[in-house]
Amino acid sequence: MIRVRIAPSPTGFLHVGTARTALYNFLFARNKKGKFVLRIEDTDIERSSDEMVDVIVESLKWMGLYWDEGPYFQSERREIYREHADKLLQAGLVYPCYCTKEEIEERRRRVIEKKRAWKYDRRCLFLTQKEKEQFERERAKALRFKVEKSSSFEDLLHGRIERSKEDIEDFVIVKSDGMATYNFACVADDHLMKITHVIRGEDHISNTHKQILLYEAFGWTPPEFVHLPLILGPDRAKLSKRHSAVSVLEYRDRGFLPEAFVNFLALLGWSPGGDREIISFDEMIELFSLERVGKRGAVFDIKKLEWMNGEYIKATSDRELLQRLLPFIENKPVTKEKGQEYILRVIGLLKERLFLLSQFWELGSYFFILPEQYDIDGFAKYVRKGKAEIKEERIGEVMKSFKNLKKFDSETVEGCVRNIAECMSIKPALIIHPIRFALTGKTVGPGLFELMEILGKDECIRRLEYFVENIIPQYRTQINANMLKLLSY
RNA sequence: GUCCCCAUGGUCUAGUGGUUAGGACACCACUCUUUCAAGGUGGUAGCACGGGUUCAACUCCCGUUGGGGACGCCA
């Protein structure tokens, strides 16, 4: 049975790179009807925290990557590692190292100054008995693996990858605080947890060589390895905080749908073949195969993610979308009072111009409250282009006609407005734009008549009055000020 | 500096010796339209370079160049 794992370290948020690795492991496991294990690699006690464990768990759940086993915590497995380290010590395959960080740092600096490659100099391998006894009394010791063989393994993606023993240093397997290091805990756990395929980022290739040596030392059969290419920033360097958001939960909070996020990540390095782009989770599981994973690092293109998110939003039913939208609007004014049916109608109008859930309020707050601000400059541009005018008497005329309307559905309102325009022998646009501006404070948005139907007759009239009394004077002042400014030059 | 990985438009990719090198994002234009989106139509743009192998190379091999990664008692 296929068994894979995701082994994040709770020293930070779940990185999108780790998220994609988790996704590929998950897809591979589900495709092969195997098991997906979650293991928390918290051997760095200082930097690990429970909060980060929660964040990781939440991130994986948000993406829909449910694990079959775990989470296992390496911090709870100290004894297991210690026993295994003892075996290697007794077999003479590892040796104690008493060097301090500072001492090593000093020696390393000197080597690097000479432009030579640094590797642990084996100082503690050649200690005299006397030195050993003294250090044993005075210092904490780490355990180093004595590298005597070259390492080689078959990567399912890259083929055979070799590394000469001269290029591998005697690496630490147990730290001076008694905790196993990553390379050691990882090997012990992957073996003990019967992991069949280790699928991880290619930044681990050099670790894999060390780990191969450990498998051999224990006489264990190593699992299969797949080293995935990295996710890159726009400059083609490994994606990191300085590029953009790298935390999965940040994408959730910015209004991405998990389905879109997962779909996008899946395609970053894997292709189902052909021209397929929008693929459901189930299809991904069905189609996933390691043979179709690429070897090239992929740039994380936020634009494409946003497009894809828009596609998913459009494909989501209004009712479902309402549920997804709730976290983004429940703290906004009057959204509760207006009720779900009202919000649903707004969703109907806004849905196709949304590519992030978080844009809902930004685009449609005026459905709930008076416009927070009026884009006077934007509107002024229309005026200059001759596409709109501010004429109080026209707005007055519109209000008067609205008051007489029995019905206020979009068709009736449209008929009414067009009729006024015709009577005045002007283009409807000259009325439509000012009304849109008066009602929403914006120059862009959904069809005017549809949004008026939702706002309702009373609210429309109320806003038109408010506009005439409060905004037009402001508008005049601002325009005049601009004129004066222009004249003074 | 040492070792390792990689190479199809700006980006994600399809392609596994014979294709007018296909799709998507982005960009541009046109269209629809009361605006913005969405939609529709069209367009710009690519096999890094040099050697082989072969009747034939984007495709296979070698090298160069370019990019990336690893060199922690971090994971």
Side-chain angles (χ1 to χ4, degrees), chain A residues 7-12 18 41-44 46-48 74 97 99-101 104-105 108 111-112 114-120 140-144 155 157-158 161-164 166-169 171-177 179 181-183 185-186 201-207 209 227 229-230 232 234-238 264 267-278 292 294-308 310 314 350-355 363 378 382 387-388 414 417-418 427-433 435-437 442-449:
Chain A
S9 172
T11 53
T18 316
E41 309 229 310
D42 52 354
T43 51
D44 187 340
E46 292 283 302
R47 294 202 286 164
S48 298
Q74 292 189 324
C97 173
C99 297
T100 65
K101 244 183 178 162
I104 291 177
E105 189 47 46
R108 185 200 343 239
V111 170
I112 288 178
K114 290 184 206 149
K115 297 229 175 224
R116 307 266 300 161
W118 159 263
K119 196 170 80 158
Y120 178 67
K141 65 163 176 279
L143 252 34
R144 278 188 191 271
D155 185 286
L157 194 61
H158 300 285
I161 303 180
E162 294 171 338
R163 192 157 208 210
S164 146
E166 281 75 31
D167 296 323
I168 309 174
E169 73 167 355
F171 55 95
V172 172
I173 63 160
V174 176
K175 301 185 246 186
S176 51
D177 67 359
M179 191 49 173
T181 59
Y182 161 72
N183 278 312
C186 184
E202 72 181 5
D203 49 348
H204 280 287
I205 289 178
S206 57
N207 284 324
H209 285 112
H227 291 93
L230 302 175
L232 277 24
D235 59 357
R236 302 206 74 90
K238 188 158 95 160
F264 174 74
L267 259 32
L268 221 50
W270 171 76
S271 159
D275 296 337
R276 310 209 47 195
E277 295 252 60
I278 305 282
R292 298 204 63 88
K295 292 195 245 184
R296 236 252 269 210
V299 174
F300 190 94
D301 181 5
I302 189 82
K303 282 274 185 211
K304 186 150 186 177
L305 209 208
E306 286 172 347
W307 164 78
M308 194 170 272
K314 269 175 259 172
L350 254 29
K351 186 158 133 176
E352 66 185 17
R353 36 207 108 215
L354 235 49
F355 57 86
L363 258 42
Y382 273 140
K387 281 174 137 185
E414 177 162 10
V417 169
R418 289 192 188 277
K427 284 192 210 158
L430 288 176
I431 297 185
I432 289 171
H433 289 303
I435 298 179
R436 169 191 301 286
F437 184 56
K442 295 177 188 294
T443 57
V444 299
L448 177 68
F449 308 114

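Residue numbers begin at 1 in each chain, while the letters A, B, ... track the order of the sequences.
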What is the separation between atom [atom1] on [X] and atom [atom2] on [N], rounded to the nearest whole Å?
X: E277(A); N: U11(B); atom1: CD; atom2: C1'; value: 12 Å
X: E46(A); N: A75(B); atom1: CD; atom2: P; value: 12 Å
X: E414(A); N: U35(B); atom1: CD; atom2: P; value: 12 Å
X: E352(A); N: U35(B); atom1: CD; atom2: P; value: 15 Å
X: F355(A); N: A37(B); atom1: CZ; atom2: P; value: 11 Å
X: I302(A); N: C25(B); atom1: CD1; atom2: P; value: 16 Å
X: L350(A); N: A37(B); atom1: CG; atom2: P; value: 14 Å

[X] side chain: which of [options] is closest?
X: D275(A); options: G22(B), C36(B), U11(B); answer: G22(B)
X: D203(A); options: C73(B), G69(B), C12(B); answer: G69(B)
X: Y382(A); options: A70(B), C12(B), U35(B); answer: U35(B)
X: A298(A); options: G68(B), C73(B), U13(B); answer: U13(B)
X: K101(A); options: C74(B), G23(B), G1(B); answer: C74(B)
X: E202(A); options: C5(B), U34(B), A70(B); answer: C5(B)
X: R296(A); options: A7(B), C73(B), C4(B); answer: A7(B)

Under a 3.5 Å cut-off for both contacts, is [N] paired Watson-Crick or G-U wobble with anything, and if yes, with which nucleotide?
N: U35(B); answer: none
N: A56(B); answer: none
N: U20(B); answer: none
N: A48(B); answer: U64(B)

Taking 4.0 Å as the cut-off, does a side-chain nitrogen or oxygen of [X] come that near to OP1 or OP2 on [N]?
X: K238(A); N: A70(B); result: yes
X: R418(A); N: U34(B); result: yes
X: K175(A); N: C74(B); result: yes
X: R292(A); N: G15(B); result: yes
X: T181(A); N: G72(B); result: no
X: R276(A); N: G23(B); result: no
X: R47(A); N: A75(B); result: no
X: R236(A); N: C12(B); result: yes

task = Hey, can you tell me if H433(A) and Y382(A) have their rings parallel, tilted or perpendicular (30° and 60° cut-offs)?
result =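 Aromatic pair H433(A)/Y382(A) classed parallel.
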query = Can the ring centroids of F264(A) and F300(A) be said to lie less than 6.0 angstrom from one another?
reply =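 Between F264(A) and F300(A), the centre distance is under 6.0 Å.
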request  = Would you mind reporting whether K427(A) and I432(A) have side-chain heavy atoms less than 4.5 Å apart?
outcome  =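 Of all side-chain heavy-atom pairs linking K427(A) with I432(A), none is under 4.5 Å.
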query = Heavy atoms under 4.0 Å, any strand shown: does G269(A) hit a base, just sugar-phosphate, or nothing?
reply =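 Answer is sugar-phosphate: G269(A) comes under 4.0 Å of backbone atoms only.
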ask   = Just checking N183(A): base, sugar-phosphate only, or nothing, at a heavy-atom cut-off of under 4.0 Å?
value =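 No contact at all - N183(A) keeps every heavy atom at 4.0 Å or more from the nucleic acid.
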